[in-house]
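Here's the structure, in structure tokens; my notes come after.
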Amino acid sequence: MSKLKTITRRTFLISSAAIAGGVAFGVYQDRKTPPNPLTAPTGGAALNPFVLIDQNGVTLIAPRAEMGQGIRTTLAALVAEELDVAWDDITVLHGPAAQAYYNGAAIAAGLPFKDYSITEFQHGMGQNLDFVAKMVSLQITGGSTSIRDGYEKMRHAGASAREALKQVAAERLGVDRATLSTENSHVIATDGTKIPYGDLAVAAAKIKAPQTGLRDAATWKYLGKSMPRVDMVAKSTGTARFGIDTRVDGMKFAALRINPRLGGKMIGFNATEAEKMTGVDRVIDLGNGVAVVGSNTWLAQQAVDAIDITWGDAPYPADMAGILAKVNSALDDSPNSTLRNEGDADDLPAGTTEIRADYTVPYLAHSTMEPMNATAHFTGDRLEIWCGNQAPVLTRDKCAEIAGLGPSAVSVHTTFMGGGFGRRVEIDYSIYATKVAVAMQGTPVQLTWSRQEDMRHDFYRPAAAARFRGAVKDGRAVLMDGKIAAQSTTREVPARLMGLPAAGPDKGHVEGAYDQPYAIPNYRITGHLAEVGVPIGFWRAVGNSFNGFFHETFIDELAHAAARDPLEFRLEMMRDEHAPSATTLETVRDMSDWTGKTPDGIGRGVAFTYSFGTPVAQVIEVQQTDDGIAITRAWIACDVGVILDPSIIEAQMFGGMIYGLSAAVHGEITFADCAVEQSNFPDYDALRMHNAPAVEVQILASNAHIGGVGEPGTPPAMPALGNALFDLTGKRARSLPLMHDFDLLT
Amino acid sequence: MSTPLTINGQSYTVDLPGDVPLLWVLRDAVGLTGTKYGCGVGSCGACTVHINGEAVRSCQTALEDVDGDITTIEGIGTPDALSKLQTAWVTHQVAQCGYCQSGQIMQAAALLAENPAPNDADIDDAMQGNLCRCGTYPRIRAAIHTAAADMREG
Ligand code: FES
Ligand code: FES
């Protein structure tokens, strides 16, 4: 089969899966612009779904949810760059749930191409898939796609609004539009006449915006610079409103307990004691759990804990032995995918010795700092929901179903999120809040999960197992053959949330392993899907979060077998394959003064992962101290293609790395009697001030396309730490978390 | 049970059982939502407030045990009148999701009140009870050093 046919077939499989839920619209509808969901403020106007102007100033809609990644700031900067608004005069809102805010890049990211070797043809194909996202109203924040989706779209929104404002001014002044300029929310004529945008907006919204190009990057005022984040003052003064801070007149507070055997039913409960407790208004049957509504969250928590409940069984094995047996046995099943298959990976190259290693990683919780919560108010014919979420359209539609309403009778207010990391793509907490609100018709209720409920009712990063074999010759890798088994996040989540069937090779399952820029003559990666039944979800970096560990630990093992410096070993195989990736490695080498040698008591490890369009190389340094092994220093080099906001990119890189290191050191969710054993930070801890490394970040911009930044910092952290521990102790880290096998400072 | 409280210099009376943690008094009864719930067991620091100037975990302090004036994040400074510590937080662009930051700032404020020139080890000791899932630690450290220097200059 020719290459083109292969690509077409795979693309078809993916797009048909993706649009199965909404294909009825037909493609012709793609040519229609989605309706503008904004209502014009009095005396003002919505020029397009992203720009609202009235006499008080300019409000920009950043339709991706702010969970810490700084997206409101950068999306606003993209619009403002073209619109010529003073930074301090901008208000940024999330906006409503609406088709206009679809995320085209989230679908394009599903194409089974290695990003580093993507052709212009393939890149264009991804952009054509934009219509798929529009059809299914895919308003999602995830997959590090927000900027890749908004990079041109948001600038066009600013540019077209600017030209419409100029057009109206031109007609009023009787001059040619081309003679006008714009600055600080004013249109300025050559004679110095200034008209504020607020005076032009209503008329500008009525005309068809003139077509215009985008400004050259060399002229950028905001983009490319570290802008003061629009949420920074609020988040430094306790005035930022998270979902949990929603306060509505007359509201009540609720707590819940859901079956700890995930997916199991509730057989019965006795709430006699709970109903008598102080501050309790109502006990509500949720089907698979109970909620208590009262005057105070803590009083409701006490009451819900006092309910005697009989739980049904879960649809998966009761303990880790049973669960991991299912994951491991998938390694022997025929593969779902062989997305990389170069040379001959079956036979051992002549004159080499086979190197083998098996790896395992556990289930992980997202453990966002703000526990799951949502506030809902049901009046009989309308439902209002306030919550932090990564998928407002989905939230609206599912909650409408629960409340027996049409989607247009539901408003979703997307608040700041106290962390997302993929957890808030889910809608379970909004559904429970809706059920409570329906039972409490007329009274707004805030339903807050205890930390224990949050940790024990997550959609977990799946446990994964890998089996690698390889060989080295003359100082280079000549064979790399990896098998990876886990539950499939990219299949199970869309099926569970949207009823979308999936077919074909599952790219998300092997990303971080099949798509790495190494030239190895015999190179094969196969993905094996395990059926287990534990609820799983998107966890920061998804498949890359485990594949990065497997792949980069094995590369290190090969380097060791070849008696080579692990950084130079990688670099040699990368230079011919992908220059920007090689440059990130060289950069991290220079930043860390890497010599390949470390004094006694100090160890260093390097790792590299290309994910979400961004190559990232990290060096981690560990040191033996009297209190255990400390992670003392870290260096990160990344290549994001186009640098929009250096401070935000730096924060995402080191934040993503620390999230990965936390998982590598501490993260582990285990099951006993079908229930999660961990319940709070004392048994699911993370790095803290005293054991997080000092870090330096360098950001490069030579890659062909703009890359994501929210997730790519996470995958290389785990193998870099493991490789550093090998350098220090001589013991190879083949399973996570590392706290079991290494005496780490915790 | 009616309990008088002084919070950020203002008097309040709350009508709740004495065993309700101060955290939930502040958030659900008084309506001061800047103080956050993270774990409820004293292991994350998101709920940190000051009682008589000392940093305490409000999720571990029962209403009946409150024995002094309370300061919450809302009493440290406001968007229009930032404290020096908050200014340093903004200068270093510390917050990501921001959810832990009220607690971080309250803990750091107590540290600086006691030790105007903390070194890295002092910061490690004082701040390790405050979890940040976004991993903002490098910038928290830098902001504390900057604030300490600014406050010493007066
Ligand atoms: S909520 Fe009080 S320490 Fe975590
Ligand atoms: S900024 Fe998100 S938890 Fe600290």
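What you are looking at is a predicted structure, and each value in this text was computed from that prediction instead of being measured. So you know, we letter chains A, B, ... as the sequences are listed, proteins then strands, and number each from 1.
Within the model, atoms OH of Tyr684(A) and OG of Ser43(B) stand 14.0 Å from one another, a figure rounded to the nearest 0.5 Å. Between the NZ atom of Lys235(A) and the CD atom of Gln96(B) there is a distance of 9.0 Å, given to the nearest 0.5 Å. Here the CD-CE distance, from Gln93(B) to Met232(A), works out to 4.0 Å after rounding to the nearest 0.5 Å.
When each of Gly656(A), Gly655(A), Ala651(A) is checked for heavy-atom pairs under 4.5 Å with chain B, Ala651(A) comes out on top.
Looking at every heavy atom in both residues, Ser102(B) comes nearest to Gly238(A) through OG-CA, 3.7 Å. Closest heavy-atom contact between Trp449(A) and Tyr37(B): O-CE2, 3.6 Å. Scanning both residues, Phe681(A) and Cys39(B), for their nearest heavy atoms gives CD1-CB, 3.6 Å.
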Quick one: do Thr78(B) and Thr239(A) satisfy side-chain contact (heavy atoms from CB on, under 4.5 Å)? Show the steps, please.
-> CA-CA 8 Å; Thr78(B) 62; Thr239(A) 55; over 6 Å; no
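Within the 4.5 angstrom heavy-atom criterion, atoms from both the backbone and the side chain of Ser647(A) approach chain B. Of the two parts of Gln301(A), only the side chain, counted from C-beta on, holds a non-hydrogen atom closer than 4.5 Å to a non-hydrogen atom of chain B. Neither the backbone nor the side chain of Leu85(B) comes within less than 4.5 Å of any heavy atom of chain A.
Proximity of a side-chain donor or acceptor of Arg133(B) to a complementary backbone N or O of Glu370(A) within less than 3.5 Å is not detected.
Under a 4.0 Å N-O distance rule, the pair Asp28(B)/Arg247(A) qualifies as a salt bridge.
Val233(A) pairs in a side chain to side chain contact (heavy atoms under 4.5 Å, CB included) with only one of the listed residues (Leu82(B), Asp80(B), Thr87(B)), which is Leu82(B).
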